[in-house]
Amino acid sequence: MRVNLTNYGASIISVFVPDKNGKLADVALGYDSIEQYETDTCYFGALIGRVANRIGGAQFTLDGKTYKLPANDHGNTLHGGTKGFGDNVWTVESHEEDSHITFVYSSHDGEEGFPGKVDVTVTYMLIEKHILGVKMNAKPIDKATPINLAQHTYWNLGGHDSGDILNHTVQIFGSSITPVDDKLIPTGKLQSVKDTPYDFLKPKPVGSQINDLPGLYDINYVLDKTGKNHLSKVAAVREPTSGRKMELWSDQVGVQYYTSGMLGDTKGKGGAMYHKYGGIALETQGFPDSVNKPNFPSQIVKPGETYKHIMVYRFTAS
């Protein structure tokens, strides 16, 4: 297994894992040059913040003060604003070959409209055989602020250049979703996935019911607690031809399941062209627009507190 990263957005560029015959392939979508990452609108592999996903109306109120944010997505704020954490250069704090790399970033008070200074750390770790760990920490220094980080890699277990992901089977350990309005902002309600195309409690192909939707999956699942440990199983993805399987565990309450239905013709690594349904993103997170939904789990972190977020990916093949 091999993982390539860049300090531009603390981003994953490539993840090479073997198929059932031991053949390595790169299963993460990405680019060949930093220039492409600088103009990217897909957030390939990026570490998203200060608040991942959407904030309705591009504003929120905290402690009696209203904060106005960049409206970079149909009148809403998406993935931290016009220049979120994924579009900034991070500093490498430590790096040990075949072990880990740690990136740090200091977000200033008022950055993209958010209150207070925040110090952020993300460590990518190779653990045992074919396991990738991601550990995110963020500490507000002087003001309470919302924090919701996410890792935004697009996965294609057939290989990043192998076409669409409609034949991948997916299982998501979430019995309900947070339904959204026409601008993809949660209504504030929870809805059971039972008898809907969103039901992935048992494994099924991505494309099996995608035509019953407006052309894509782009929804937050409310994750079920699957064990007594602090990490719960989030999802399992398998590609039948290669036999590759990816399992994901996390400590977060939600996961955004996105099947890249809005991915246009995009030139990626090695001249590969990425098209609609070119990858699957599984972004563990707090619920979208939590800052404006008092019934959702709070994302407000105060000085003296630490935001923590862990993801563990295990790759196998059979």
Side-chain angles (χ1 to χ4, degrees), residues 1 3 5 10-12 15 17 27-28 45-49 51-53 85 96 99-103 120-139 146-155 157 168-178 190 193 198-203 219-238 244-258 280-288 290 296-301 305-318:
M1 181 178 180
V3 181
L5 305 109
S11 303
I12 292 175
V15 178
V17 289
V27 296
L47 202 288
I48 305 294
V51 175
N53 217 302
F85 291 1
E96 189 179 327
S99 170
H100 76 275
I101 188 164
T102 298
F103 298 106
V120 191
T121 304
V122 56
T123 299
Y124 295 96
M125 302 163 278
L126 287 176
I127 311 163
E128 300 172 13
K129 193 176 184 183
H130 304 146
I131 294 177
L132 173 64
V134 186
K135 186 167 88 173
M136 310 168 219
N137 284 356
K139 294 183 178 182
I147 300 174
N148 182 35
L149 306 182
Q151 216 304 320
H152 206 298
T153 295
Y154 292 66
W155 303 97
L157 298 183
H168 285 50
T169 58
V170 170
Q171 184 175 19
I172 299 174
F173 296 87
S175 303
S176 52
I177 56 170
T178 51
L190 305 185
V193 299
Y198 294 105
D199 187 351
F200 284 89
L201 288 167
K202 292 180 179 173
I219 198 77
N220 173 66
Y221 281 75
V222 180
L223 292 171
D224 302 329
K225 198 76 179 151
T226 59
K228 295 177 183 174
N229 299 331
H230 69 295
L231 294 187
S232 290
K233 195 164 189 182
V234 173
V237 183
R238 188 172 184 273
R244 289 189 188 91
K245 182 179 180 181
M246 180 182 82
E247 297 164 281
L248 173 61
W249 288 261
S250 183
D251 58 353
Q252 297 297 293
V253 293
V255 63
Q256 189 79 12
Y257 173 51
Y258 176 54
I280 297 172
L282 289 160
E283 309 149 55
T284 50
Q285 60 180 5
F287 297 167
S290 286
F296 283 2
S298 175
Q299 293 168 2
I300 305 302
V301 188
E305 299 175 343
T306 302
Y307 165 93
K308 296 179 180 178
H309 182 167
I310 293 173
M311 307 175 79
V312 176
Y313 301 92
R314 181 172 70 179
F315 297 91
T316 52
S318 61

Please report the interatomic distance [atom1]([X]) to [atom2]([Y]), rounded to the nearest 0.5 Å.
X	Y	atom1	atom2	answer
F85	H152	CZ	NE2	15.5 Å
I177	Q256	CD1	CD	10.5 Å
H230	K225	NE2	NZ	8.5 Å
R314	E128	CZ	CD	9.5 Å
I101	E96	CD1	CD	11.5 Å
S176	L223	OG	CG	9.0 Å

Open item on the list: side chain to side chain contact (heavy atoms under 4.5 Å, CB included), that's the test. Do N148 and F287 meet it? Break it down for me.
Closed with: CA-CA 9 Å; N148 182 35; F287 297 167; over 6 Å; no

Is any side-chain heavy atom of [X] closer than 4.5 Å to a side-chain heavy atom of [Y]?
X	Y	value
T284	L248	yes
V193	F200	no
M136	M311	yes
Y258	I280	no
S318	R238	yes
Q151	L47	yes

Identify the two heavy atoms, one from [X] and one from [Y], that lie closest to each other, and give their separation to 0.1 Å.
X	Y	value
P297	S290	O-OG, 3.5 Å
A52	A150	CB-CB, 3.6 Å
T153	A28	CG2-CB, 3.8 Å
G286	Q252	N-OE1, 3.9 Å

TODO: Measure up the F315 and Y313 rings against each other and bin them: parallel (under 30°), tilted (30 to 60°), perpendicular (over 60°).
DONE: parallel

- [ ] Give the C-alpha distance, both sets of side-chain angles, the deciding distance and a yes or no for side chain to side chain contact (heavy atoms under 4.5 Å, CB included) between D224 and S232.
- [x] CA-CA 8 Å; D224 302 329; S232 290; over 6 Å; no

Open item on the list: Let's go through Q285 and I48 carefully: what are the C-alpha distance in whole Å and the side-chain angles of both, what is the deciding distance for side chain to side chain contact (heavy atoms under 4.5 Å, CB included) to 0.1 Å, and is it a yes or a no?
Closed with: CA-CA 10 Å; Q285 60 180 5; I48 305 294; over 6 Å; no

Answer yes or no: is there a donor N or O on one side and an acceptor on the other, between the side chain of [X] and the main chain of [Y], under 3.5 Å?
X	Y	result
Y124	A10	yes
H168	L157	yes
H309	L149	yes
Q171	L201	yes
Y221	Y198	yes
S250	I310	yes

Open item on the list: Is it the case that the side chains of N220 and T178 hold a donor-acceptor pair, with the cut-off being a distance below 3.5 Å and no angle test?
Closed with: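 Yes, side-chain donor-acceptor contact under 3.5 Å.
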
Open item on the list: Applying side chain to side chain contact (heavy atoms under 4.5 Å, CB included) to M1 and L132, what does each step give before you reach the verdict?
Closed with: CA-CA 9 Å; M1 181 178 180; L132 173 64; 3.8 Å; yes

